[in-house]
Number of protein chains: 2
Amino acid sequence: MLMAEPVATDDAPAAGSKSQQAYGAVKQRIVDGAYPPGHRLVLAAIAQDLGVSVVPVREAIRRLEAEGLVTFQRNVGATVAGIDPTEYLYTMQTLSLVEGAATALSAPLIDAEVLDRAAAVNEEMRACLQDFDPLRFTRLNQDFHAILFERCPNPHILDLVHRGWNRLASLRSSTFRFVPERARDSVEEHAHLLSLMADGADADTIERFARLHRSATLDAYLTHFSATEAATDADPDAAHDHG
Amino acid sequence: MLMAEPVATDDAPAAGSKSQQAYGAVKQRIVDGAYPPGHRLVLAAIAQDLGVSVVPVREAIRRLEAEGLVTFQRNVGATVAGIDPTEYLYTMQTLSLVEGAATALSAPLIDAEVLDRAAAVNEEMRACLQDFDPLRFTRLNQDFHAILFERCPNPHILDLVHRGWNRLASLRSSTFRFVPERARDSVEEHAHLLSLMADGADADTIERFARLHRSATLDAYLTHFSATEAATDADPDAAHDHG
DNA sequence: GAGTACGAAATCGTATACGAAGAGTAGGCA
DNA sequence: TGCCTACTCTTCGTATACGATTTCGTACTC
């Protein structure tokens, strides 16, 4: 869906250049949790592990830094970016902005067939509500939105949306894991969004609603956490790293 | 080997690492127009020119690629990003989105002193209307907006705004050069924006107006160019590279 | 016993070297 | 004469090597 790789065989990135290989491999390990947040990324170790030299690894790390997945310090090294709740907030806020715009810009280019596909995914999500699986739900949620914003004609905005989702994936902090109640509302809002598009609502309405939809998810997260943190009071990031 | 001193006198980037030096140097040359759009960036040549090895240059180029200032092709090389009118459109559209949001998010944090500074810059712009100098006007325009969005609390969005302005600078395609009539309206809209902020208008109103303000500039550009291109009909990019 | 200075290990940053992939050009063949 | 092929040349991609910087451990002093 939002895989930029030309063709991935099954799990190995298998990109043309070793830099891209290294990029894909390290990124995957971050997203998978093999490299937990705060983990130090040593160039030589990764290079040996991947069977390449440090040069491509270095380049991969810098790319990941540009995407915000790792933090980098000169002459010190890189560490996997932390899962600061503030960071999540910023990312979600940014995503609400650019995804709302991308969805609105996509809307005129979306035909009935695409709407049907999105509706099918949304029905899967609805079915997923019983026997709730946060991971699966989150993945479907991403698929749903990707269908709707992927036709955005402005490649810059589309790229920003992809980056946002990427960062969310690296943060590994799904709202639906903490606030499953939000899932049901989310599905309903999806249905409403589809009906807006089907009725040919104007761009501003769609943008506003798409943005609100994401903001609502963020709000659910925030209220949940402010409550949780006030209750537990200690070890405020214990809730994140149980991936 | 002529070693560049770590401490730079005044205009050199003065970065600690050679990668950053190279990044700053190449970027400056692109923005200044020393490397015109379409110019091929050969690693070895730049490296020799800067007195460093190709490795830092390579990294600098990749960073510039990530920012969109240069395009890169594997095993072929990098070229300074073109000034495709379409690219300008996309960039301005994206900027209208993120800058509008950044301005709206900044608004609650802006006090009277900041508003006064912005107003002063706007008056400079108004004075600049006689004896019109597009370059100076464009610079003041950037200053004006920077004052208003710089307090945006979301660093991601703020970063996107900076990137957008960066890319605009690299495109070197100022609307005010082609459509000086737009300048007067722009100043008035700035004044209105300031009054909105002074009156404590809600975020949505400010965002909407800031976005519209930029979109209007873009529209002026587009109508000008569609007219110009229809008239000249040939060599549609002649208007760009007289920088 | 605590703080500081020195030294060693680890790791990054950069230079140099060589192999690989594309682009351009000249030559041959239809 | 036009097109295809082989070759060379430029330029990038990656490996290896070495110097620079930081960090951590240890010994010494107050």
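Values in this document were obtained by computation on a predicted structure and should not be read as measured data. Within every chain, numbering begins at 1; the chains are lettered A, B, ... in the order of the sequence lines, protein sequences first and strands thereafter.
Within the 4.5 Å cutoff, side-chain heavy atoms of Arg177(A) are placed close to those of Leu135(A). The shortest distance between side-chain heavy atoms of Arg151(B) and Leu158(B) does not fall below 4.5 Å.
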Give every pair of a protein N or O atom and an N or O atom of nucleotides 21-24 of chain D that lie under 3.5 Å apart, one pair per line with the distance.
none

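Between the Asn141(A) side chain and the Phe144(A) main chain, no donor and acceptor come within less than 3.5 Å of each other.
With distances taken from any side-chain atom of Val54(A) to the nucleotides dA15(D), dT16(D), dC12(D), the minimum falls on dT16(D). In the set dA15(C), dT16(D), dT14(D), dA15(C) carries the atom at the smallest distance from any side-chain atom of Lys18(B). Between dG13(C), dT11(D), dA15(D), one nucleotide has an atom nearer to the side chain of Ser17(B) than all others, and that is dG13(C). The side chain of Arg58(A) approaches dG13(C) more closely than any other nucleotide in the set dT11(D), dG13(C), dA15(D).
Contact annotation: Ser19(A) side-chain N/O to dT14(D) OP1/OP2 distance is under 4.0 Å. At dT14(D), none of the side-chain N or O atoms of Ser53(A) fall inside 4.0 Å of OP1 or OP2 (strictly under the cut-off).
Counting to the nearest Å, the C1' atom of dT11(C) and the CG atom of Leu41(A) are 13 Å from each other. Summarising the geometry, the separation between CD1 on Ile46(B) and P on dC12(D) is reported as 8 Å, rounded to the nearest angstrom. Atom P of nucleotide dA15(C) and atom CG of Leu43(B) are separated by 13 Å, given to the nearest angstrom. Residue Glu59(A) contributes atom CD, which lies 16 Å from atom P of dC12(C) at whole-angstrom precision. Between the C1' atom of dG13(C) and the CD atom of Gln21(B) lies a distance of 12 Å, rounded to the nearest Å. Whole-Å rounding puts the Gln48(B) CD to dT11(D) C1' distance at 14 Å. The OH atom of Tyr23(A) sits 16 Å away from the P atom of dT14(D) (whole-angstrom rounding).
Legend: residues meeting side-chain hydrogen bond (donor to acceptor under 3.5 Å, both in side chains) with Thr217(B), ordered by chain and number and at least two apart, are Arg182(B).
Using a 4.0 Å heavy-atom distance criterion, Ile61(B) is classed as making no nucleic acid contact.
Open room surrounds CZ on Arg139(A); 12 or fewer heavy atoms of other groups in view lie less than 6.0 Å from it.
The nearest pair of heavy atoms linking Val54(B) to Ala44(B) is CG1-CA, 3.9 Å.
Between Glu59(B) and Arg62(B) no salt bridge is recorded (no basic side-chain N to carboxylate O distance below 4.0 Å).
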